[in-house]
Each structure stands twice: as C-alpha cells, then as structure tokens.
Amino acid sequence: MTYDVIVVGAGHAGIEASLAASRMGARTLMLTLNLDHIGQMSCNPAIGGIGKGHLVREIDALGGEMGVAIDETGIQFRFLNTRKGPAVRARRAQADKAAYRARMKRVLESTPNLQIRQASIERLIVENRHVVGVESQIGETFMARSVVLTTGTFLKGLIHVGERNYPAGRAGDFAAMGLSEHLRELGFRIGRLKTGTCPRLDGRTIDYSELEVQPGDDPPPPFSFRTARIEQAQIPCHLTFTNAETHRIIRENIGRSPMYSGVIQSRGPRYCPSVEDKVMRFAGKERHQIFLEPEGRDTVEVYPNGLSTSLPFDVQLAMVRSIKGLERAEVMRPGYAIEYDFADPTQLNSSLETRLVAGLFFAGQINGTTGYEEAAAQGLIAGINAALSVRNEPALILGRDQAYIGVMIDDLVTRGIGGEPYRMFTSRAEYRLVLREDNADRRLMPIGERLGLVGAAASERLRRKSELVGAEIERLRAALVANSDENNAILRQSGSSPISQAVRAIELLRRPEISYAVALRMAGLEPILDFDQAAELEIEIKYDGYVRRQLEAVERFKRLEDTPIPNWVDFHAVQGLSTEARERLSRSRPRSLGQAARMPGITPAAVSLLAVHLKAGHGR
C-alpha cells in the first residue's frame, strides 16, 4: 500500500502531524520505535508556560490536540504573569504523564485514515530528489507521497551520566543510528545538540511538612477553546531550594560532569541550564529554586524541576539529599544529559518542506528546537502541509503577524538556531500585543475550519464570543458609576483616584488598575463573560491605542513581506551585494524581501539593492 503521508516518530510533533494529515483525509501511516511510548513526556511533566502556552492555544485554535489532551489529563492548572501586561500572560499545567500518554494513543488508534506501526526507520527512499518512501532497520519498505520526520532526540542519541555514556534515544529507548548519516549522504547539513533532564524522586520519601505549597488556580484555566471547564481535582506542587551545601557538592565534583570534563562538546538550551551550570555560572547566587512536581495521580514519582543534571549517580544522590525536604529522598531514576543530531533548519522552506528533497518535511527537535510545545506546533504545520502537498494545494504559511507559530518557523528557516536549541519566548514576537493567548481563536480558528480541522461548533463559539464582547462593551458604555462613598472607597483600594461626578463604566475600565470585575461591581452589573471573553474585552478597551499602532506596524511590515523573491532570481547577479550577502541569500533562498531583511548579515542597504534588482526584472 502507498500512503499519502508517512510520519516518522510519535512524540508531540509526530502526534500532531499524524492527526492533522489524517483528519484532512490523507491516508496516513505513523511509524514509531515503541508503541508504548507514544506521547511520552521525556522531561518535565507539564504543558505551557510563557511563550509556550501561546503556542498551545494556537495549536488548539487550528484544530490540534495538545490543548484538549492536557485539559483532560492535567493535575494542576495555573495562569502565569497575571500582574503583567496582557501580551505575556500564559497558562501552564502539570500533566499526569501516564494518562496523557494513554489518551494520545487512544485518540490516534481511533482516528480514521490513520494506521500505526512499530518500526525503526534507517533510510529514505528518494527518486529524482523526491521522497517516495522509507526503509526500516529490518528491510521493510513503506511507500508514500510525502514523509514527515519528527525524530526528537533519537538521531544518534547518546546519554551521559557522569563518566558513563551509552547510545539511546532517551532513557529506556533505542537510538536511531543510521538515519542521520543517510540524511548527510543526501546533502543535509547535520549538527549536534544537547539537552538534559532531572532525576525522579520517590514522593513517599519527601518531607513536605516545611516546604512551601504551590496550589493551582481556582477555578483552573483550561487550555482548549473547546473545554468549558476543568472538572478533575487538582494536586499541589511544592517549592524548595538548593543551598550552600548543595553548591559545595556540585563544585567539588564538577570535574566528573561530562559537560565540564569536555566529554560533551555540543550546546544545550541556555534558558534551561543544568543545576551544575547554574551553580558554576552564577557563583554569587546563594540558592536556586526547585519545584517538586508530581508526575501523576497513580504514581509516587516526583519531578524536581530545576535540578537537571548529568553528574554521576552518587553525586546526584548526595546533591538531592542536601536539599531541604529531600534529606531522605530516594532517587527512582537518575538525571542525564543526551546528545543528538539535528538538521540545520535554514535548509527548509517556510512550509517545513526541505529544499533538498521534495515531499520531505522536518518537525520538532530535528530542526534544533526544544520543548513539547514547539515540537507540537511544527508537527501540526508539517502534517497540514504534507496533506496539502499531496492534494497539490498551496502550503499553509503563517506570518509573524498572525501567530507565534509563524514567528518560530520564520526564525528557524531564516535565521537558524544560532548554535543552541531554539525555545519560544514572547520577546521573539514583534507584534505580541496582537498575538495574545485570549485571541488565538479569532486569529486562527477560521484557518482551522477552512482546512477541515475545526468543526462548526467551535466556529459558532467564536461567533458567540465576538457578539458577547461587543454587547458588553456597549453595556459598559451605557452604564453609569455613581459618585458615592462606597465607589470611591473601592477606587482607593484599587490604587485609583476617586471620582467627583458620575462617569461611564467604560471610562473607569480604561484605567490600568481597574479590572472588569471591579468596574461591574461599581456599576451594579452582573458579569456575563467568561475568563477569555473578559480578557479580550479588557484588552480591547485598555490597550485600544497601543493595538491600533501595532496593527499599523503590521501593515508596514506586510509591504516588504508581500514583495516575493521569485525562483528566477540569481543573487550572484545582484549588483552591489557583498560576497557574504550573495552566499547567504543563495543558501537560504528567502521567499520575500521581508524574510531577506530578517536574515543574519543582510543589511538594509542589501535589501534596497535586491528591491531595485526585482523591480528591474533582471534575469527573468
């Protein structure tokens, strides 16, 4: 049988790619090394966070699965940065790892047009620079019109614990040893990266009595626009800290760390360093926080977030037991570092299709990213575009002004990763006041509906949300807040100045310190909006001028972005360009002047020269 789409890998990228392609009607085959580890959370048992939570909301708005899955299987939900601006507020949820994994496997197995097989893929079958299938370790061949590689950390994965190392894709799984060499033979530039994880502790041996409790929010905020409310009970996390003794143990044994002994040469994620890296780099810092996160409802395993390490096991145990509350803790699984191969993402088009081999798409850590959410977002786009390529339809390319997903992919294919794993931050987006969590549905759900990934019910909810927000703005515009002692007392408590005469409720809500709930209370009105609707209303009223200015900036950005660079352009023939600029442009083949302008080493003067060349039509 020849499939429309083959997806290699069943991590977070592979899941979204497989579901998107099959739900769009493509005959899809998912191939994975281990059927029991579909959707495995190899590192921390959590979804979301600053920047990452934005990606999950966008995945959900496009019809992806991650948001619904964490809503159904999460054990704690929190809203982060609530005291900061609306652009950087984000959700985060602790996951029940086993429940999340089981749910994803169940959804995949019950999806029409999708078949799942266990196999280790070692080679691609390529004819005339177009992929036509894959070949397994035991010689099985699977034919397809397009292939999506979502290989995670499995490409020549090498685990390090102290002075010991061994090949593995992650703890307990074999590595894929031949595929990256085959990609190199096909002409791909292959590099090496590193990541790591924490030891897992036996929760029964932790003394929680003197630790700070970290409860979830009440009510818990759901990720998915399709989730009305979180029904399951939440489980608390706890906070503890490293100390002088912890740091002494690490410093005295730093020579046994593979990172500091020179055994590991590759770079890890800067913003998720190992505990030994934190202690050595920030020598003046007396302590580092450790969040004790349960791994599920039906397990005693606890993840000590902040304690990622590749030190030898005896040092790990001593380090753990030097921490308050962990004096008698038992380590159930050691922490480790893992090195793995990746492909330079500047070899991709913005659709995530490779430029070297047609019909071949890369998604997730193979592109040099880190994180479940970044992988899932790429997997969704790669799966969509693999299905569209089979139909001979134009690819879905999200702009930097449309989605964080668009920002991430544009960063990857235009700038690459800069020598370290790429992680999404809100600071990477120029238009983050427009790309908020609360309006991801308004931005992207119509696209999901057009692709057949979002149903009519979701579209109706979006229409209803817009109507409710509009009606509430009119209600606040009409409602008067009386000049009373009670209302002025409320204003003072909120840190706002009192009023000397009656004012419209909407005018009070324009004040940064006055919330929607407070404005309703002073106006004597009952709330009619849910959390997301209220967030959208507040932002629309409070930040109206800022949003309008950002939208004007988006329009200016589009002028460059809408100027395509045709395939006929020979960058070496552009008069005045430096040799370096010609080589960079020829290697990356930007699709527009806007994308060229964002490339490292491409100056505004170079963009102007390129614009003149395009206008003149040289070489057409």
Heavy-atom neighbours of Arg475 CZ exceed 12 at 6.0 Å
yes
Quick check on Phe174: does its CZ atom have over 12 non-hydrogen neighbours (other residues, nucleotides or ligands) under 6.0 Å away?
no
Is there a side-chain contact between Leu211 and Leu292, using heavy atoms and a 4.5 Å cut-off?
yes
What are the two closest heavy atoms between Cys43 and Gly196, and how far apart are they?
SG-O, 3.7 Å
Over all atoms of both residues, closest heavy-atom pair of Pro421 and Leu193
CD-CD2, 3.9 Å
Looking at Arg333, I want to see if its CZ is surrounded by more than 12 non-hydrogen atoms of other residues, nucleotides or ligands under 6.0 Å.
no
Looking at Leu529 and Glu472, what are the two nearest heavy atoms and their distance?
CD1-CG, 3.8 Å
Scan for side-chain hydrogen bond (donor to acceptor under 3.5 Å, both in side chains) pairs involving residues 10-30, sequence neighbours excluded, and state none if there are none.
Arg23-Glu65
Do Gln550 side-chain atoms and Leu433 backbone N/O form a donor-acceptor pair below 3.5 Å?
yes
Decide, yes or no, whether a salt bridge links Asp173 with Arg170 under the criterion of side-chain N to carboxylate O below 4.0 Å.
yes
Tested for salt bridge (Lys or Arg N to Asp or Glu O under 4.0 Å) against Arg200, the lone hit among Glu330, Glu295, Glu301 is Glu295
Would you indicate whether the side-chain heavy atoms of Gln76 and Ile235 approach each other to under 4.5 Å?
no
Within a reach of under 6.0 Å around CZ of Arg463, are more than 12 heavy atoms found that belong to other residues, nucleotides or ligands?
yes
Got more than 12 heavy atoms from elsewhere within 6.0 Å of CZ, Phe241?
yes
